[in-house]
Number of protein chains: 2
Amino acid sequence: MPDRKKAPPAKATRDREATEQRFIEAAARVIARDGAAGLGVNAIAAEAGADKKLIYRYFGGLDRLLEAMGANTALWLGHALSAPQGSYGERLTRVFLAYADNLRSDPVLQKLLAWELASSSDTLRRIDAARSKAMYMLMPKVRGDEKPPEGVDAPAVNAILLAALHYMTLRGATMGGFSGLSLKTEADWQRAMSAFKGLLERTYGND
Amino acid sequence: MPDRKKAPPAKATRDREATEQRFIEAAARVIARDGAAGLGVNAIAAEAGADKKLIYRYFGGLDRLLEAMGANTALWLGHALSAPQGSYGERLTRVFLAYADNLRSDPVLQKLLAWELASSSDTLRRIDAARSKAMYMLMPKVRGDEKPPEGVDAPAVNAILLAALHYMTLRGATMGGFSGLSLKTEADWQRAMSAFKGLLERTYGND
DNA sequence: TCCTTCTGTCACCGATCGGTGACATGTGGT
DNA sequence: ACCACATGTCACCGATCGGTGACAGAAGGA
């Protein structure tokens, strides 16, 4: 909100790479603030303090700009598994909780997830594919050489818990709760996380 | 060219109640088709085949129209518990699966849920409050006189599973899957539902 | 120096948005 | 008959949308 003046007609950085980066960061800020609604070349250009024409000239359109933005956001975690010790259930619980914290403090990712549930453009598909791939690369590390208990469809169960985490995070951010469960304070989230841990323990062993 | 047109402007039902109902049904159709995006007085009026002016005159605006529409959609299930027999886990599993089927075949409700995750208007809050209330009224019936196992935060666990169901339903409708789990065919959903059942059984007893 | 290319700026277009005033027409009361 | 009112129709407004053409200035090679 502070910066960007332009009284004289000629007075810009004249640096394409820097300008492109400004657009990318501006797009992320707009999404974080307003979500998918109200997302357009006019808003992004105003946020970047540059002219929308450059979006078309440099990126070829809004979609390609968003793709470039999504590519930058392709390394969410990676930290969560710094010490991959403990049993399968312990490792998975740890990475799950770390991911939950990360997601809850990342409004851009939240808006992106919400957008994926409302629309289905090719751009969104590509962004989601990149994220899924990163997730897939992570799984062997958490799995290690251990096998999940028999009779348990681990991919399905993990998808369920991840889906619940996504949904509750988004509901907490917008409605402040879900299904009678409040999701505002830190205590609320600790209660929810405790329930998640219980489900994980009951599924993968209570170690 | 003085004076032109104004010949036959007369041909309507001239029935306020019927027209209001046309608007409500048109709003539901627009939401089912296009979701929250592109939802406006122009689209609804065109879908209803009536003039948008009447939306303001009869409802007082778009928000009130959507509220009226949401009020009509306040009786999702109720059938699911026709035979409330079996243990707590069995009853809950039954109503859960019935709700899943219902949700998966109701595009309006899906778009409404997705909308709630992206925005947070007062109108959405009211609609959600009505739905939550209906859910609350249902719980005593499924709970009966039985108590959930100790050490289990039943409201939290149920919220988690419901959240997962919502999220996976929406992802199945838009992206066709989530977290590597395909959610397109009936077999895909049976696999997911089997995992849900497993979680319910491990939580509430495998009866 | 001149000329070309790239970066940035601005004005403008057509389409569409939400919202409203003016008006024609049907209906019912007296 | 007349009149008051409710219903429906249409044209129009200002704002905003995505998108583009025309132009000014800076950089760099010859």
Side-chain angles (χ1 to χ4, degrees), chain A residues 3-27 30-31 33-69 115 119 121-123, chain B residues 1-27 30-31 33-69 115 119 121-123:
Chain A
D3 75 20
R4 274 318 114 204
K5 299 197 161 246
K6 44 141 197 93
K11 181 170 202 324
T13 21
R14 205 159 188 83
D15 181 337
R16 171 164 179 167
E17 280 192 28
T19 303
E20 288 183 356
Q21 198 60 31
R22 290 229 311 276
F23 276 122
I24 290 177
E25 293 166 2
V30 170
I31 288 182
R33 192 201 321 127
D34 306 324
L39 178 65
V41 285
N42 292 298
I44 294 178
E47 177 74 26
D51 197 281
K52 60 179 174 179
K53 173 90 186 206
L54 301 181
I55 293 178
Y56 296 98
R57 188 178 293 169
Y58 293 160
F59 297 92
L62 181 58
D63 284 354
R64 316 274 277 277
L65 203 185
L66 295 180
E67 262 185 77
M69 185 205 69
W115 193 8
S119 169
S121 71
D122 285 345
T123 298
Chain B
M1 266 209 280
D3 202 12
R4 181 83 187 80
K5 328 194 133 183
K6 301 267 180 258
K11 54 164 175 231
T13 25
R14 209 162 186 77
D15 181 338
R16 171 166 181 166
E17 280 193 27
T19 302
E20 288 183 356
Q21 199 60 31
R22 288 229 312 276
F23 277 122
I24 290 178
E25 293 166 2
V30 170
I31 288 183
R33 192 200 322 127
D34 305 323
L39 178 65
V41 286
N42 291 298
I44 294 178
E47 176 75 27
D51 196 281
K52 59 178 172 179
K53 174 92 187 206
L54 302 180
I55 293 178
Y56 298 97
R57 188 180 292 168
Y58 292 160
F59 295 93
L62 181 57
D63 284 354
R64 316 274 276 278
L65 203 186
L66 296 180
E67 263 186 77
M69 186 205 68
W115 193 8
S119 168
S121 70
D122 285 346
T123 299

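Letters go in sequence order (proteins before strands), and every chain restarts at 1.
- Shown here for B/Val30 and B/Ala43, the closest heavy-atom pair between the two residues is CG2-O, 4.1 Å.
- Partners of B/Arg33 according to the side-chain hydrogen bond (donor to acceptor under 3.5 Å, both in side chains) rule, which considers only residues two or more places apart in sequence or in another chain, are B/Glu47.
- Nearest heavy-atom pair across B/Ala45 and B/Phe23 is CA-CE2, 4.1 Å.
- In terms of heavy-atom proximity, B/Gly40 sits nearest to B/Leu62 at CA-CD2, 4.1 Å.
- Of the inter-residue distances, the one linking B/Asp15 atom CG with B/Glu20 atom CD reads 9.5 Å to the nearest 0.5 angstrom.
- Under 3.5 Å, the side chain of A/Lys53 and the base of D/dG21 form at least one donor-acceptor pair of N or O atoms.
- Rounded to the nearest 0.5 angstrom, B/Ile24 CD1 and B/Thr19 OG1 are separated by 11.5 Å.
- Across the interface with DNA chain D, nearest-nucleotide mapping of B/Leu54 and A/Val41 shows B/Leu54 to be the residue nearer the 5′ end.
- If you take CZ of A/Arg57 and C1' of C/dT7, they are 7 Å apart, rounded to a whole angstrom.
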Sub-3.5 Å pairs of nitrogen or oxygen atoms, protein against nucleotides 3-6 of chain D:
residue, atom, partner, partner atom, Å
D/dA6, N3, B/Arg14, NH2, 2.9

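- Of the candidate nucleotides D/dG8, D/dG18, C/dC10, D/dG18 has the atom lying nearest to any side-chain atom of A/Tyr56.
- Protein atom CD of B/Glu17 is 16 Å distant from nucleotide atom C1' of C/dT27, rounded to whole Å.
- An angle of 20°, rounded to 10°, separates the two end axes of the helix from C/dC2-D/dG29 to C/dT30-D/dA1, each defined over five pairs.
- An OP1 or OP2 oxygen of C/dT7 is reached within less than 4.0 angstrom by no side-chain nitrogen or oxygen of A/Thr19.
- Between the CZ atom of A/Phe59 and the P atom of D/dG18 there is a distance of 16 Å, given to the nearest Å.
- The distance between atom CD1 of A/Ile55 and atom P of C/dT7, rounded to the nearest whole Å, is 15 Å.
- Rounded to an integer number of Å, the gap from CG of B/Leu39 to P of C/dC17 is 11 Å.
- Nearest heavy-atom pair, B/Ile44 versus B/Ala26, reported as atom, atom and distance to 0.1 Å: O-CB, 3.8 Å.
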Polar pairs (N or O, both sides) under 3.5 Å between protein and nucleotides 11-16 of chain C?
none

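- Taking the salt bridge (charged side-chain N to carboxylate O under 4.0 Å, His left out) definition, one finds that B/Arg64 meets it with nothing, sequence neighbours left out.
- Atom CG in A/Asp15 sits about 16 Å away from atom C1' in C/dT5, given to the nearest Å.
- Side-chain contact between B/Leu39 and B/Ile31 is present, with at least one heavy-atom pair separated by less than 4.5 Å.
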Side chains of residues 50-61 of chain B: which donor-acceptor pairs under 3.5 Å do they make with residues two or more places apart or in other chains?
residue, atom, partner, partner atom, Å
B/Asp51, OD1, B/Lys53, N, 2.8
B/Lys52, NZ, B/Asn42, OD1, 3.1

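- Look at CG on A/Leu62: it is 13 Å from P on D/dT20, rounded to the nearest Å.
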